[in-house]
Amino acid sequence: MQLLDGVLVSAHIKEQIKQEVTDWQAQGGKKPHLAAILVGNNPASEAYVGSKVKHCDELGFDSTLLRFPADITEAQLIAEVVRLNNDDNIDGILVQLPLPDHISGDSVINAINPAKDVDGFHPISVGKMVLGQPTFLPATPYGIMLMLEYYQINTAGMNCVVIGRSNIVGTPMTLLMSRNTNPGNATVTMAHSKTKNLKELCLNADIIVAAIGRPKYVTADMVKPGAIVIDVGINRIPDATKKSGSRLVGDVDFDGVAPLCSYITPVPGGVGLMTICGLMKNTLLAAKLRTNAVRGAALAQSN
Ligand code: GUN
């Protein structure tokens, strides 16, 4: 069994990003600038956004964190997004999900300028992804693909089971794994809460991506010897032996499953770190594309 080590791979990718930012600035480009919107004070969202902002600092990006109370209205939030769309200083906009129940996440995401949609959640970004056109890929599936690429895992022809059908992970992951790319070219089954024969499907899988949000849901009796297991879950469970009284576990029962696998991601230290890499790569790309579009327009005017 080999660990797919998010600490190692993310450190490598972050070095590449830092170098790319330095080169970009040497060519007269400005620092990429990410704006993150956080509504309310969900502790998990606070932690994720805090980590994203910290990474901006580490990689030489600018960041702006906008915090709003949980009772902000949908119209007010959309007005903030529009303000960021129109702010030429901002390259990428991220609205941390989930939003409070009275706000439609779809309406807020639809308001983001697709050129700044570094989460890859806007319908235009999703549509381009489906068609295989260049676009911002959702950060978690993008990060998983980067990890498979780093370990040079050839997934062509593999049976892949993605458990979960969320817009953030399950649906885009299913798509990316089935595209004619490397990694990719897998035969993918998207399983969900109504799937009847999950255990059978998993036992036939060469690669399992668990993104259901249930602690230790994937157990050893569901995993074929030699399978690759990617654990997207980040669940906090009580643990009296810890000072905090809790600890993080994934959607996979790591201790039971790991000995069976050819490769497995740990939690923490696996996919979570790769998500940040995906987001940062998207933000740098957004900054470059926006600047090049402005430069191109200026060139066209001068001709
Ligand atoms: N909530 C959980 N994952 C994500 C993510 O990748 N982006 C945003 N914006 N919200 C999330």
Side-chain angles (χ1 to χ4, degrees), residues 6 10 13 34-56 61 63-68 70 72 74 77-78 80-81 84-85 90-101 103-114 116-126 129 135-147 162 164-176 209-214 230-236 248 250-251 265 267-268 270-283 285-286:
S10 67
I13 291 176
L34 175 70
I37 292 183
L38 177 59
V39 178
N41 40 23
N42 174 320
S45 293
E46 295 253 8
Y48 296 147
V49 171
S51 174
K52 290 168 186 177
V53 167
K54 196 181 87 177
H55 276 87
C56 283
F61 292 23
S63 67
T64 299
L65 171 57
L66 297 166
R67 305 187 61 125
F68 299 104
I72 187 172
E74 184 176 305
L77 192 56
I78 288 175
E80 290 295 335
V81 169
L84 294 170
N85 285 343
I90 301 292
D91 297 301
I93 302 170
L94 170 158
V95 180
Q96 188 64 30
L97 302 175
L99 290 167
D101 288 346
I103 298 177
S104 155
D106 285 349
S107 301
V108 175
I109 287 165
N110 290 358
I112 297 173
N113 175 353
K116 299 188 178 187
D117 175 35
V118 289
D119 256 333
F121 294 164
H122 190 283
I124 297 236
S125 307
V126 177
M129 176 182 64
T135 187
F136 303 114
L137 299 176
T140 299
Y142 184 18
I144 294 170
M145 299 307 274
L146 291 170
M147 183 172 245
V162 176
R165 57 180 157 190
S166 71
N167 291 343
I168 296 178
V169 184
T171 296
M173 193 68 219
T174 299
L175 225 123
L176 294 182
V209 181
I212 13 170
R214 294 210 210 159
I230 310 288
D231 191 349
V232 182
I234 303 179
N235 310 287
R236 192 163 281 285
L248 291 180
D251 290 352
T265 60
V267 176
V271 171
L273 297 167
M274 299 309 300
T275 296
I276 302 266
C277 289
L279 174 70
M280 296 297 150
K281 279 176 79 80
N282 280 344
T283 305
L285 178 64

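Bear in mind the structure is a predicted one, so any value in this text is a computation, not a measurement. As the structure lists them, so they are numbered: ligands from 1, and atoms in each ligand from 1.
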Could you pull out the N/O contacts under 3.5 angstrom between ligand 1 and the surrounding protein atoms?
| residue | atom | partner | partner atom | Å |
| --- | --- | --- | --- | --- |
| ligand 1 | 1 (N) | Gln96 | NE2 | 3.3 |
| ligand 1 | 1 (N) | Leu97 | O | 2.9 |
| ligand 1 | 7 (N) | Asp119 | OD1 | 3.2 |
| ligand 1 | 7 (N) | Asp119 | OD2 | 3.3 |
| ligand 1 | 9 (N) | Val95 | O | 2.8 |
| ligand 1 | 9 (N) | Asp119 | OD2 | 2.6 |
| ligand 1 | 10 (N) | Gln96 | NE2 | 3.4 |
| ligand 1 | 10 (N) | Leu97 | N | 3.0 |

Subject >> Met129 CE to Thr171 OG1 distance, which is reported to the nearest 0.5 Å >> reply: 8.0 Å
Original post:
Which heavy atom in Ser45 sits nearest to a heavy atom in Leu97, and how many Å separate them?
Top reply: OG-O, 3.9 Å
Subject >> Nearest non-hydrogen partners of Phe121 and Ile109, listed with the distance >> reply: O-CG2, 3.4 Å
**OP:** First locate atom NZ of Lys52, then atom CG of Asp119, and finally report the distance between them rounded to the nearest 0.5 Å.
**Re:** 5.5 Å
Subject >> Trace of the side-chain contact (heavy atoms from CB on, under 4.5 Å) decision for Leu38 with Glu46 >> reply: CA-CA 7 Å; Leu38 177 59; Glu46 295 253 8; 4.1 Å; yes
Subject >> Test item: Asn282 side-chain N/O and Leu137 main-chain N/O as donor-acceptor pair under 3.5 Å >> reply: yes
